[in-house]
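Here's the structure we're looking at; comments come further down.
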Protein chains: 2
Amino acid sequence: MAGTPRIPRPTAARVSLYLRELERRLERGESTIRSRELGHCLGLTDTQVRKDLGHIGHLGFPGVGYRIEDLIARLRFLSGTDRGWRAAVVGVGNIGRALLSYDRFESEGFRIVAAFDSDPEKIGRHVGTHEILPMERLGELVRERGIRIAIVTTPPAAAQDAADALVEAGISGILNFAPCRLEVPPSVVSTEVDLGMSLLQLALQVRLVNGELLEIEEDPARSGPVRARSIRR
Amino acid sequence: MAGTPRIPRPTAARVSLYLRELERRLERGESTIRSRELGHCLGLTDTQVRKDLGHIGHLGFPGVGYRIEDLIARLRFLSGTDRGWRAAVVGVGNIGRALLSYDRFESEGFRIVAAFDSDPEKIGRHVGTHEILPMERLGELVRERGIRIAIVTTPPAAAQDAADALVEAGISGILNFAPCRLEVPPSVVSTEVDLGMSLLQLALQVRLVNGELLEIEEDPARSGPVRARSIRR
DNA sequence: CAATGTGAATGTATTCACAGCT
DNA sequence: AGCTGTGAATACATTCACATTG
């Protein structure tokens, strides 16, 4: 029974896109949607939407489309956001505070149930309703409060230590805002949100779109059939 | 016209990864690196690294590797982060404030040179060295200060208006933290960082890795026992 | 020689085309 | 009729294998 249903990675990455759009439409009172329309407003083709949703379960009605409510239920079930994930924030700096005040997680199926920091100055202070707790209590509280996901917002120098402590405590996933790669065992999922990297990627795209990249060989006198090593400045 | 040299999208997405690792190594005093090592610490194969760097320009030396300094120069040139990008923050809430205090952008080739908000209460106040300016002055200041990139951190309801104003002002790229899709003309690049979506993707990956997805066949709501059709595989 | 750069082979994702439902 | 679901065809990305190079 090893048959993992295996959802292709690109499809999995689009699940959250679908979910957000579907919830918006449900709020507006719509009850069904066709693949063409869903795709169009998300910048995808209708075929791609059907392929994706096909991987997820056969929920469409030929001639009609998809029932939005069923689709949402399915996607929330898949992502576990129907049951709610309990999460912790580790590192209460500027970004950590912003996340602790972000009121949208709750409705999206996540609940932040603890905030940790290693700075003794900060311990015991509050951010909104969250008390800042010492790192020493991390293992204990992860178990007691059923925390499975952690958001790391420490300075980069402290991020690996935080990750080690989280792994030790038995966490399942880490969302890492520190601009560094974390070493974790393969059973733990770690993904990164690096603001600098996001900006850089945006900048690169801007240059590509605007055709600002004259490209290759800075030396125009050079264009012979012989490629390979040319000049490198 | 010569076909755009076109860097494949996955390659472009890895540029920022390479750059971050290379800069770390340069700081440590290393001067060359081989594709195998660079790939290993980034979770890529050596071949993939060579293919990527091959798209970017021929900078390697057989038998030796790549000169880190040259590679960094090339990647920064490509992304325009050698000249510096001037950026604005639009929407000074929790996340906006965190970004205005984020001291890392400068060294990565970006400078935040203006902060805007539509709330009259906030106008004139300061976050760090940044004065909060009224949206009305956006067009003027984008031109005066050479702003090409904007970071949108308004509530979702205000994000599209902000985007329209930015497009009108002649911005080239938008990094959008509001959890909604922005409509922009194709000449403007808009990318999204949705914290909820990031968490949801992480959650989905955790479930996939942990094999929590038993995967049920179809919902029995309204489908007779006959399923002759749609047997896949 | 040891590592790059790159065609050829493989693997994966998207798009096409259409059979089959409602 | 209109739309879904899906094999077949295409496009794209990664990996392999090796000739080439400083």
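Residue numbering restarts at 1 for every chain, and letters A, B, ... go by the order of the sequence lines.
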Calculate the interatomic distance between [X] atom [atom1] and [N] atom [atom2]; express it in whole Å.
X	N	atom1	atom2	answer
B/Asp46	D/dC16	CG	C1'	10 Å
A/His58	C/dT22	NE2	P	13 Å
A/Leu53	D/dG5	CG	P	8 Å
A/Leu59	D/dG5	CG	C1'	12 Å

Distance check: side-chain N/O of B/Tyr66 vs OP1/OP2 of D/dG22, anything under 4.0 Å? no
Would you say A/Arg50 reaches D/dG5's phosphate, i.e. side-chain N/O to OP1/OP2 under 4.0 Å? no
Quick test of your reading: applying salt bridge (Lys or Arg N to Asp or Glu O under 4.0 Å), list the pairs with at least one residue in [range], sequence neighbours left out, ordered by first then second residue.
range	result
residues 147-160 of chain A	A/Arg148-B/Glu212
residues 151-168 of chain A	none
residues 189-201 of chain B	A/Arg20-B/Glu192, A/Arg20-B/Asp194
residues 42-61 of chain B	B/Arg14-B/Asp52, B/Asp46-B/Arg50

Using the test side-chain hydrogen bond (donor to acceptor under 3.5 Å, both in side chains), find all partners of [X] that sit at least two apart in sequence or belong to another chain.
X	result
B/Arg83	none
A/Gln48	none
A/Gln205	none

Verify the distance criterion only: is there a donor paired with an acceptor across the side chains of B/Thr47 and B/Thr45 at less than 3.5 Å? no
Name the nucleic acid region contacted by A/Gly54, choosing base, sugar-phosphate or nothing; use a 4.0 angstrom heavy-atom cut-off, strictly under. nothing
Within the 4.0 Å heavy-atom criterion, would you say A/Gly63 contacts the bases, only the backbone, or no part of the nucleic acid? base
Under 3.5 Å between N/O atoms: give me all the protein pairs with nucleotides 11-15 of chain C, atom names plus distance.
| from | atom 1 | to | atom 2 | distance (Å) |
| --- | --- | --- | --- | --- |
| C/dT14 | OP1 | A/Arg14 | NH1 | 3.1 |
| C/dT14 | OP1 | A/Gln48 | NE2 | 3.4 |
| C/dT14 | OP2 | A/Arg14 | NH2 | 3.0 |
| C/dT14 | OP2 | A/Gln48 | NE2 | 3.3 |
| C/dT14 | O5' | A/Gln48 | NE2 | 3.0 |
| C/dT15 | OP2 | A/Thr45 | OG1 | 3.4 |
| C/dT15 | O4 | A/Lys51 | NZ | 2.9 |

Within the 4.5 Å heavy-atom criterion, are B/Cys41 and B/Arg25 side-chain neighbours or not? yes
Using a heavy-atom distance cut-off of less than 4.0 Å, which residues of residues 16-39 of chain B contact DNA chain C? B/Arg34, B/Ser35
